[in-house]
Amino acid sequence: MSSERSWLLAGNWKMHHGPAATAAYFNAFLRLTPPHPSRELLLFPPTLALPAAAQASSARSDVAIGVQNLHWESQGAFTGEVSAHMAREAGARWALVGHSERRHLFGESDEETRLKLEAAAEAGLHPVLCVGETIAERRAGEAEAVVRRQLTAALAGGRPSTRLAVAYEPVWAIGTGETATPDDAAQMHRAIAAELRRLLGEARVPVLYGGSVKPDNARELLQRPEIDGVLVGGASLDPASFAEICKAVP
Ligand code: 13P
């Protein structure tokens, strides 16, 4: 089964799995998930587990590791922070920026998201820019305007020199078991694609969906032409469950 299309299947472990659990996870997950011509696999472990993840996946060119967060300065007196260069040295090739937990639990602004995106690209990391509205914003009819604002702010410096992906993650669907319907997700993905064309020109940017993606709803989402992959939280923590999602590529 091969196709012209290619999907990005990403797992964001958030604050789960230390180095030992990471090595065990990859051992199981890579056996369940052989290379496939139309998918790329991205795993975002906690920062401390980046070297273990990079080592465990080093034989697989279809698997890449990313960092969940970074500071925009390359070094300095920023206790507890990690720079993009350090993440890259530890094995990261991708970086999440603007995740809703960073925005809403840690108060990160659109401007800080832009700085992080630019620092990631400058260090050679591929950013996954996360955008999405809260339930209050959706109910107020502002969902598309909020997402457009987040995209415009983060990409004010233009197209990054590295690969870029965008993840649409409606805040109300994250960790709640509620998923956007494939129709609603597809509609927002079309709006995002249009805004990216306006901001960056014609080059195609993959747009992933995230928010309670599970083995039983992944196929329906991935079948949509507007949805280029998924960013999975809770259901990526178990290797068998994430492997099932990866098999859902049409
Ligand atoms: P859940 O899949 O647990 O809803 O989390 C989604 C997410 O935040 C991925 O970045």
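When a ligand or atom number is given, it counts from 1 through the structure's own listing order.
Shortest contact from atom 4 (O) of ligand 1 to any protein heavy atom: G175 N, 2.6 Å. For atom 3 (O) of ligand 1, the nearest non-hydrogen atom of the protein is G234 N, 2.8 Å. Here the heavy atom of the protein found nearest to atom 2 (O) of ligand 1 is G233 N, 2.9 Å.
Annotation: the span from L231 atom CG to F44 atom CZ amounts to 7.0 Å, rounded to 0.5 Å. Rounding to the nearest 0.5 Å gives a distance of 9.0 Å between CD1 of I192 and CD of Q150. Separating the CG atom in L196 from the NE2 atom in H189 is a distance of 11.0 Å, to the nearest 0.5 Å.
Residue A173 touches ligand 1 through its backbone alone, judged by heavy-atom distances below 4.0 Å.
Between L231 and ligand 1, no N or O atom pair is found at a separation short of 3.5 Å. For ligand 1, the polar-atom distance check against T176 finds no nitrogen or oxygen pair separated by under 3.5 Å. Checked against a 3.5 angstrom limit, the closest N/O atoms of S212 and ligand 1 fall inside it. The shortest N/O to N/O separation between A235 and ligand 1 does not fall below 3.5 Å. The N/O atoms of K14, backbone and side chain alike, include one that comes under 3.5 Å of an N/O atom in ligand 1.
In this structure, the side chain to side chain contact (heavy atoms under 4.5 Å, CB included) partners of S83, at least two apart in sequence or on a different chain, are H85, M86.
A salt bridge is absent between E112 and K116; no separation between the charged side-chain nitrogens and carboxylate oxygens falls under 4.0 Å. One finds a salt bridge joining E133 and R138 here, because a Lys/Arg side-chain nitrogen approaches an Asp/Glu carboxylate oxygen to under 4.0 Å.
Numbered from 1 in the order shown, with element, the atoms of ligand 1 that lie under 4.0 Å from a heavy atom of E169 read 6 (C), 7 (C), 8 (O), 9 (C), 10 (O). Every atom of ligand 1 is numbered from 1 in the order shown, and the set under 4.0 Å from a heavy atom of N12 is 9 (C), 10 (O).
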Check your understanding: Taking it one step at a time, do H99 and Q68 satisfy side-chain hydrogen bond (donor to acceptor under 3.5 Å, both in side chains)?
Key -> CA-CA 8 Å; H99 191 277; Q68 297 174 16; over 6 Å; no
**Study point:** Worked check of side-chain hydrogen bond (donor to acceptor under 3.5 Å, both in side chains) between Y168 and E226
**Key:** CA-CA 11 Å; Y168 169 55; E226 300 88 349; over 6 Å; no
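The closest donor-acceptor contact from the side chain of N12 to the backbone of G234 lies at 3.5 Å or more, if one exists at all.
Counting heavy atoms only, H99 comes closest to atom 10 (O) of ligand 1 of the residues K214, H99, E178.
Ligand 1 lies less than 4.0 angstrom from a heavy atom belonging to G211.
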